[in-house]
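These notes concern the structure reproduced below.
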Amino acid sequence: MRIVLLDDFSPIINQTLSNWNWQVINGQNWTLEDFKKHASEIEGIIIRSKFPLDKDLLTMTKKLKFIARPGSGLENIDLKYCKENNVEVFRSPEGNRDALAEHTLGMLLCLKNHLNIVDDEVRNDIWERERNRGTELKGKVMAIIGYGHMGKAFAQRLTGFEMEVIAYDKYISGFGTYHVKEVNLEEIFQRADFVSLHTPLSNETTGMMNSSFFKKFKNPFIVINTARGKSLVVEDLIDSLDSKKIIGACLDVLDIESSDFSLNKTKIKSFEKLKKFNNVVLSPHIAGWSYESKEKMAKVILEKIHQKFIV
């Protein structure tokens, strides 16, 4: 098969596909026009976020058998078209769930212990101890929304902190364990000290964390988003930070991102407001972006392709 690699992946992918005697095309530097030029001959696409694979683009790929996305999110792929045209779609959230869980925990510890603040202060010879007392996680209530691969991995990392972990998932049930209690949203609204979002981007989850959502919480809380930026409305978050309804945030993703996960310069105004809050910890969509996860995601996606087309 002719397979095009549209982003930078672990060398394992190229090596393995070549070992299967498949033709591997390096499309990392392709433009959209390059893709259209070669579309009719492509039988497999491996992509991260090069450009959206919408219906108009996919109709050009007359021989396409599969699309593989090392990672978890599939919002840039027209899944309806793929289903109707027997195009297999693979993803590998199993490969980066550990990296994402560790990164999420790291952001939380950074925020609660003011590490983002004190690092800068010490580098500037400021030795302020009392003002920078941390807050312990033990005994607090962590609410997880979305209990798939990512939510579950994060819950596992919290076991050693002796937190009470509650979780809600609209599409998964029966997942309660000795360290995670399955609950409804109302219990989350009533009891959460922290809320961590781990849902895919869809019509249901786009903009779900907005002013209306924030107002439902009984107590001030900290919001964590390492899922998708468009699930949280930044302007509404800013208003809630101003009113102290939200007392802190850890954000690896933002609604000001473009589809390729870079900063959308047209929305820079809200980002400038957000940067002024020292009770907000930010990172550039790198939760799940470890050296190990790059290789693990490749191995998982290759195994899924192998099971379908080789075995």
Side-chain angles (χ1 to χ4, degrees), residues 71-75 91 93-94 96-109 111-112 137 140-159 161 163-177 179-234 236-237 240-241 245-255 257 280-283 285 287-288:
S72 56
L74 299 176
E75 64 269 19
R91 67 188 189 112
E94 306 93 330
N96 65 335
R97 60 188 173 190
D98 295 323
L100 183 136
E102 291 183 15
H103 185 97
T104 306
L105 179 58
M107 293 188 82
L108 179 58
L109 291 172
L111 179 69
K112 295 307 294 175
L137 299 180
K140 307 297 192 304
V141 178
M142 171 63 73
I144 295 174
I145 299 178
Y147 203 71
H149 291 285
M150 307 303 173
K152 184 177 181 180
F154 182 48
Q156 290 172 338
R157 298 309 187 281
L158 296 172
T159 55
F161 289 88
M163 299 186 76
E164 181 179 354
V165 182
I166 60 178
Y168 166 79
D169 194 301
K170 183 176 180 179
Y171 299 101
I172 302 173
S173 60
F175 56 77
T177 66
H179 68 277
V180 178
K181 178 185 176 185
E182 183 181 351
V183 300
N184 56 30
L185 277 176
E186 186 56 37
E187 184 164 345
I188 287 177
F189 295 145
Q190 290 295 314
R191 303 189 57 227
D193 296 306
F194 308 89
V195 179
S196 189
L197 188 66
H198 298 278
T199 56
L201 188 65
S202 67
N203 290 334
E204 286 184 295
T205 61
T206 298
M208 66 174 287
M209 283 190 157
N210 55 24
S211 292
S212 176
F213 180 85
F214 298 146
K215 289 175 182 177
K216 293 178 181 179
F217 285 82
K218 179 180 179 180
N219 303 310
F221 67 102
I222 286 173
V223 64
I224 306 166
N225 187 12
T226 54
R228 282 295 183 261
K230 288 182 173 58
S231 292
L232 185 151
V233 182
V234 168
D236 290 357
L237 171 66
S240 297
L241 286 164
K245 181 65 180 180
I246 291 178
I247 54 177
C250 299
L251 306 173
D252 180 58
V253 290
L254 296 163
D255 71 355
E257 287 181 303
V280 173
V281 175
L282 301 166
S283 59
H285 205 139

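In this text, all values refer to a predicted model and were calculated from it rather than measured experimentally. We count residues from 1, following the sequence as given.
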Keeping the roles fixed (side chain from [X], backbone from [Y]), state whether a donor-acceptor pair exists under 3.5 Å.
X      : Y      : value
Asn210 : Gly207 : yes
Arg228 : Pro200 : no
Asp252 : Thr226 : no

Exercise for the section: Classify the ring geometry between Phe217 and Phe189 as parallel (under 30°), tilted (30 to 60°) or perpendicular (over 60°). Expected result: perpendicular
- Query: Do NZ/NE/NH1/NH2 and the carboxylate oxygens of Glu75 and Lys230 come within less than 4.0 Å?
  - Reply: no
Validation row: Tyr147, Glu182 side chains within 4.5 angstrom (heavy atoms): no
Between Leu201 and Thr206, is any pair of side-chain heavy atoms under 4.5 Å apart?
-> yes
Shortest non-hydrogen pair, Val233 vs Asp255, comes out as CA-OD2, 3.6 Å
**Asked** How many angstroms lie between CE in Met150 and OG1 in Thr104, if you round to the nearest 0.5 Å?
**Response**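 That separation rounds to 9.5 Å.
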(message) Would you say Thr199 and Thr205 are linked by a side-chain donor-acceptor pair, where the criterion is simply a distance under 3.5 Å?
(response)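 No, Thr199 and Thr205 have no side-chain donor paired with an acceptor closer than 3.5 Å.
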Exercise: do Ser283 and His103 side chains pair donor with acceptor under 3.5 Å: yes
The single option from His149, Arg157, Gln156 that satisfies side chain to side chain donor-acceptor pair (under 3.5 Å) with Asp98 is Arg157
Check against side-chain contact (heavy atoms from CB on, under 4.5 Å), Leu251 and Val234:
CA-CA 10 Å; Leu251 306 173; Val234 168; 5.7 Å; no
message = side-chain contact (heavy atoms from CB on, under 4.5 Å), that's the test. Do Leu232 and Leu197 meet it? Break it down for me.
response = CA-CA 9 Å; Leu232 185 151; Leu197 188 66; 5.7 Å; no
